[in-house]
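Below is one structure; the comments refer to it alone.
Heavy-atom basis, side chains included; hydrogens, waters and symmetry copies ignored.
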Amino acid sequence: MKKILISILTVLLLVTSCGKVPKLENGQEAVVTMDGKNISVDDLYKELKEDYALNILINMIDTQILNEIYKTDDEEKEYIKNQVETIKYYYENYYKEQYSSFQEYLVQNGVEDEDALEENIALTYKRNKAIEDYAKTLVTDKEINKYYEDEIFGDISASHILITPEYDDDATDEEKEEAEKKALEEAKSIISKLKNGEDFAELAKKYSDDSQNSASGGKLADFNHGQMVDEFEKAAKDLEVGKFTTSPVKTEYGYHIILKTAQKDKPKLEEVKDDIIEEIASEKLEEDETLEVTALVELRKTHKVEIQDKDIKKQYEAYIEKNTK
């Protein structure tokens with residue numbers, strides 16, 4: 001839409017500057033003349049300004065600022081390439097029959113061509129980086145220290161036995177409940193066998209529904225915070241090395257019996273501080289969607305952006321108020 005508007009305005013400037021457009025009685029240049037009501041350049045500009053100017057202006061401002069802060073690198077190029085390939089995939093597999101070409105598909109969705117598409121994706125990429133960087137500035141030392149104490153631990157080595165409830169996709173609630181009950185009872189039975197001294201690895205080979213590691217006795221790759229579902233991670237953290245869970249651990253995958261085989265020392269704060277800041281910043285963005293707008297508003301303030309057109313400025317202020325509540 002940005003390029004469409006610029007093209008329209010360019011044509012208007014070229015035509016009017018060449019004296020090819022007739023003057024109306026009020027002195028304005030005409031875009032359209034007809035019986036009854038004529039349309040002037042000012043009429044057209046007013047309509048365009050009311051409907052499209054704010055969005056286009058914000059894009060122009062952000063592009064100029066962000067291109068100075070975040071220089072295009074290989075990571076950005078790869079991101080753009082992947083996004084374009086994804087869009088083309090959906091076009092080829094879901095929309096191709098509706099359009100004569102990919103170009104038409106883009107135009108019908110408000111994008112002039114593939115170059116404009118890449119420009120839009122690049123702007124989104126850089127905006128996301130700016131938003132993430134802003135969120136990091138909101139992270140306090142208190143939050144960092146608390147996260148370090150509560151969440152950070154040394155890599156855990158563990159094995160597990162997974163019992164998955166078995167039911168079809170079209171199963172009734174009663175059938176699902178019965179399958180859950182059966183899986184839970186089986187998991188409890190296995191725990192009883194472990195308490196009686198049977199070998200964990202042999203039981204995993206015999207009973208575990210995790211096909212990726214049952215043959216190796218249920219052994220998992222070492223993991224740390226965020227690499228396992230929450231319930232599994234908490235249960236493993238709370239276990240002593242050499243112990244197994246005496247109650248089945250329920251997750252979205254089923255019921256787990258976990259054996260903790262080793263744990264490394266907790267890393268020093270300095271070693272993981274950057275990762276902690278990223279994680280807390282990400283949590284802040286998830287909890288408060290208005291930060292995405294606030295981050296870019298603050299960035300524009302930092303670069304002393306002042307909208308001089310009073311109408312567009314009013315639109316901008318209304319936009320901020322609406323999207324930062």
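Aromatic ring centres of Tyr253 and His160: separated by at least 6.0 Å.
Listed here is the closest heavy atom pair of Glu198 and Leu194: O-CD2, 3.6 Å. The minimum heavy-atom distance between Leu299 and Leu66, with the atom names listed, is CD2-CD2, 3.5 Å. Closest heavy-atom contact between Val139 and Ile277: CG2-O, 3.9 Å. For the residue pair Leu296 and Ala130, the shortest heavy atom distance occurs at CD2-CB, 4.2 Å. The heavy-atom pair separating Leu203 from Lys193 by the smallest distance is CD2-CD, 3.8 Å. Closest approach of Lys126 and Thr72 over heavy atoms only: NZ-OG1, 3.3 Å.
Screening residues 269-279 for side-chain hydrogen bond (donor to acceptor under 3.5 Å, both in side chains), with sequence neighbours left out, gives no hits. For the salt bridge (Lys or Arg N to Asp or Glu O under 4.0 Å) condition, the pairs that include at least one residue of residues 85-99, sequence neighbours left out, are Lys88-Glu114, Glu92-Lys96.
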**Prompt:** Can you check side chain to side chain contact (heavy atoms under 4.5 Å, CB included) on Met228 and Thr251, steps first, answer last?
**Reply:** CA-CA 10 Å; Met228 294 291 186; Thr251 73; over 6 Å; no
**Request:** Go through the steps to decide whether Phe244 and Ile161 satisfy the test side chain to side chain contact (heavy atoms under 4.5 Å, CB included), and finish with yes or no.
**Result:** CA-CA 11 Å; Phe244 58 82; Ile161 298 169; over 6 Å; no
**Message:** His256 vs Thr245, test: side chain to side chain contact (heavy atoms under 4.5 Å, CB included). Steps then yes/no.
**Reply:** CA-CA 9 Å; His256 306 259; Thr245 51; over 6 Å; no
**Request:** Step by step, work out the side chain to side chain contact (heavy atoms under 4.5 Å, CB included) result for Tyr125 and Ile80.
**Result:** CA-CA 8 Å; Tyr125 175 84; Ile80 293 170; 5.6 Å; no
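For Glu298, the CD atom counts as densely surrounded, since its 6.0 Å shell holds more than 12 non-hydrogen atoms of other residues, nucleotides or ligands. Residue Gln98 qualifies as enclosed at atom CD: its count of foreign heavy atoms under 6.0 Å is above 12. More than 12 heavy atoms of other residues, nucleotides or ligands shown are found within 6.0 angstrom of NZ on Lys266. The number of heavy atoms from other shown groups lying within 6.0 Å of CG (Asn93) is above 12. Within a 6.0 Å radius of NZ in Lys237, more than 12 heavy atoms belonging to other residues, nucleotides or ligands are found. Within a 6.0 Å radius of CD in Glu177, other residues, nucleotides and ligands contribute 12 heavy atoms or fewer.
Remark: side-chain polar atoms of Gln212 are not paired, donor with acceptor, to backbone N or O of Gly218 under 3.5 angstrom. Not a single donor-acceptor pair under 3.5 Å links the side chain of Thr63 to the backbone N or O of Met60. Distance alone, capped at 3.5 Å, places no donor-acceptor pair between the Asn323 side chain and the Val293 backbone. Although no hydrogens or angles enter the test, the distance criterion places no donor-acceptor pair under 3.5 Å between the side chain of Glu292 and the main chain of Ile131. Remark: the backbone N or O of Ser157 is paired with a side-chain donor or acceptor of Thr261 at under 3.5 angstrom. With hydrogens and angles ignored, the 3.5 Å screen pairs a side-chain donor or acceptor of Asp43 with a backbone N or O of Ser40. Under the 3.5 Å distance criterion, the side-chain polar atoms of Asp168 are left unmatched by any main-chain donor or acceptor of Asp170. Between the side chain of Lys260 and the main chain of Ala236, a donor-acceptor pair closer than 3.5 Å is present.
Residues passing the side chain to side chain donor-acceptor pair (under 3.5 Å) test with Glu143 are Thr140, Lys284, sequence neighbours excluded.
Interatomic distance, Glu185 CD to Ile163 CD1, rounded to the nearest 0.5 Å: 12.0 Å. A distance of 6.5 Å separates CD1 of Ile280 from CD1 of Ile276, quoted to the nearest 0.5 Å. Here CG of Asn224 is found 4.5 Å from CZ of Phe153. Values are rounded to the nearest 0.5 Å. Atoms CG and CG, from Asp155 and Asp222 in turn, are 5.5 Å apart once rounded to the nearest 0.5 Å. Rounded to the nearest 0.5 angstrom, Gln108 CD and Glu104 CD are separated by 5.5 Å. For the atom pair Glu76 CD and Ile121 CD1, the distance stands at 10.5 Å (nearest 0.5 Å).
At least one side-chain heavy atom of Tyr316 sits under 4.5 Å from a side-chain heavy atom of Val297. When side chains are defined from C-beta on, His303 does not count as touching Asp62, because their heavy atoms never get closer than 4.5 Å.
Counted by atom type alone, Asp133 and Tyr70 present one or more donor-acceptor pairs between their side chains at under 3.5 Å. Residues Asn213 and Ser216 have side chains that never bring a donor and an acceptor to within less than 3.5 angstrom of each other.
Salt bridge absent: Asp230 and Lys234 never bring a charged side-chain N and a carboxylate O closer than 4.0 Å.
Cation-pi geometry between Lys182 and Tyr167 is not satisfied (NZ or CZ under 6.0 Å from the ring centre, within 45° of the ring normal). Relative to the ring axis of Tyr255, Lys250 places its NZ or CZ within 45° and under 6.0 Å from the centre.
Ring geometry for Phe232 against Phe223 counts as perpendicular: the plane angle is over 60°, on a 0 to 90° scale with 30° as the lower cut. Between Tyr91 and Tyr105, the ring planes lie tilted relative to each other; the angle falls in the 30° to 60° range.
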